[in-house]
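Both backbone and side-chain heavy atoms feed into the values below; hydrogens, waters and symmetry mates do not. Keep in mind that what you see is a predicted model, and the values were worked out from it rather than measured.
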Amino acid sequence: RLHKKIGATTIYVTHDQIEAMTLADKIVIMNNGVVQQVGSPMEVYNRPRNIFVAGFIGSPTMNFVDAKVTTEGDKLYIRGDGWGFEIPPNIRPENPEVVLGIRPENLFPVDPHSAIFKGKIEIREVLGSEVYLYVNCGSFSLCLRQEANQRYDIGDELHLNFKPEALRLFLKNSGLRIPMKGE
């Protein structure tokens, strides 16, 4: 309200990413004095420039899983420890060492036949209308958001998949996000 009432450009410095997301028209994210990305809150959230930005913006943070890109015939696959899937045609990594990024709200339980990941719930964090589940998948863990009326308990096995359009891939060596075709 104050910003609209005064009508002046305001620069607000904070280390609180939630505060930045709620107050800003434009966010400048810095790491060790170096600008990492500039954009609207939703641009930065949905299209982070690198792993640092992806991990800084969002609460809980984006899930990160190390992976390798492999070729089978004319198709590209991303594979990790006990999981894998075909890479959508709008993403074409040139380096085989990547990091898969998926936000917690884009992971969901599925039947075992359509799962990419499976693991056991280690932590169940209840926040009122939503619940965060932390799932141990062996060599990595994943966090997913659930509605409070869905009941999963610690120790339950979950089979998980994600929305394909929510997939983010980062180059392991540089941390830069691999853009989708058309970006």
> Can Ile11 and Val28 be said to form a side-chain contact (heavy atoms from CB on, under 4.5 Å), step by step?
CA-CA 10 Å; Ile11 297 174; Val28 178; over 6 Å; no

> Check the hydrophobic clustering (I, L, V, M, F, W, Y; side-chain heavy atoms under 4.5 Å; chains of links allowed) and say if Met62 and Ile27 are grouped together.
no

> Between Phe56 and Gln36, is any pair of side-chain heavy atoms under 4.5 Å apart?
no

> Using a 3.5 Å cut-off and no angle test, enumerate the donor-acceptor pairs between side-chain atoms of residues 164-175 and protein atoms at least two apart in sequence or in another chain.
residue, atom, partner, partner atom, Å
Arg168, NE, Asn46, O, 2.8
Arg168, NH1, Glu165, O, 3.1
Arg168, NH2, Asn46, O, 2.8
Lys172, NZ, Asp66, OD2, 3.3
Ser174, OG, Leu176, N, 3.2

> According to a hydrophobic-cluster definition based on side-chain heavy atoms being under 4.5 Å apart (Ile, Leu, Val, Met, Phe, Trp, Tyr only), do Ile51 and Leu142 belong together?
no

> Test your reading of the model: is there a side-chain donor-acceptor pair from Arg103 to the backbone of Tyr45, 3.5 Å cut-off?
yes

> Please report the closest heavy-atom contact between Ile121 and Ile123, naming both atoms and the distance.
CG2-O, 3.6 Å

> Other hydrophobic cluster members with Val34, side-chain heavy atoms of Ile/Leu/Val/Met/Phe/Trp/Tyr under 4.5 Å, chained?
none

> For Ser114 and Asn161, work out which heavy atoms get closest and say how close.
O-ND2, 2.6 Å

> Show the nearest heavy-atom pair for residues Pro60 and Cys143, with the distance to one decimal.
CG-SG, 3.7 Å

> Could you measure the distance from the CD atom of Gln146 to the CG atom of Leu133? Nearest 0.5 Å is fine.
5.5 Å

> Can you check whether Lys118 reaches His159 side chain to side chain, under 4.5 Å on heavy atoms?
yes

> To the nearest 0.5 Å, tell me how far Ile87 CD1 sits from Ile178 CD1.
7.5 Å

> May I ask whether Phe64 and Trp83 are part of the same hydrophobic cluster, defined by side-chain heavy atoms of I, L, V, M, F, W, Y residues being less than 4.5 angstrom apart, directly or through others?
no

> According to a 4.5 Å side-chain heavy-atom criterion applied to Ile, Leu, Val, Met, Phe, Trp and Tyr, with indirect links allowed, do Ile116 and Ile91 form part of one hydrophobic cluster?
yes

> Do Phe162 and Val99 belong together in a cluster built from hydrophobic side chains that touch within less than 4.5 Å?
no

> In Å and rounded to the nearest 0.5 Å, what is the CD1 to CD1 distance from Ile57 to Ile29?
4.0 Å

> For Asp153, what residues pass the salt bridge (Lys or Arg N to Asp or Glu O under 4.0 Å) criterion, not counting sequence neighbours?
Arg151

> How close do Pro41 and Ala24 get, counting heavy atoms only, and between which atoms?
CG-O, 3.3 Å

> Report the C-alpha separation of Asn136 and Glu122 in whole Å, then their side-chain angles, then the decisive distance to 0.1 Å, and conclude whether the side chain to side chain donor-acceptor pair (under 3.5 Å) test is met.
CA-CA 6 Å; Asn136 181 332; Glu122 286 189 318; 3.0 Å; yes

> Nearest 0.5 angstrom please: Tyr77 OH to Phe85 CZ, how far?
11.5 Å

> State, yes or no, whether a side-chain contact exists between Ser59 and Gln17 at a heavy-atom distance under 4.5 Å.
yes

> Using side-chain heavy atoms (C-beta onward) and a distance below 4.5 Å, is Tyr134 in contact with Ser141?
no

> Between Phe140 and Asp81, which heavy-atom pair has the shortest distance, and what is it?
CE2-O, 4.2 Å

> Roughly how far, to the nearest 0.5 Å, is the CZ atom of Arg145 from the CG atom of Leu107?
11.0 Å

> Can you confirm whether Arg49 is buried at CZ, in the sense that more than 12 heavy atoms of other residues, nucleotides or ligands lie under 6.0 Å from that atom?
no

> Donor-acceptor pair, Asn63 side chain versus Ile102 backbone, under 3.5 Å?
yes

> Quick check: do Tyr152 and Val131 have side-chain heavy atoms less than 4.5 Å from each other?
no

> Please check if the side chain of Gln37 supplies one atom and the backbone of Asn50 the other of a donor-acceptor pair under 3.5 Å.
no

> Taking all non-hydrogen atoms of both residues into account, name the closest pair between Val69 and Pro93 and its distance.
CG2-CG, 3.7 Å

> Roughly how far, to the nearest 0.5 Å, is the CE atom of Met21 from the OG atom of Ser40?
8.5 Å

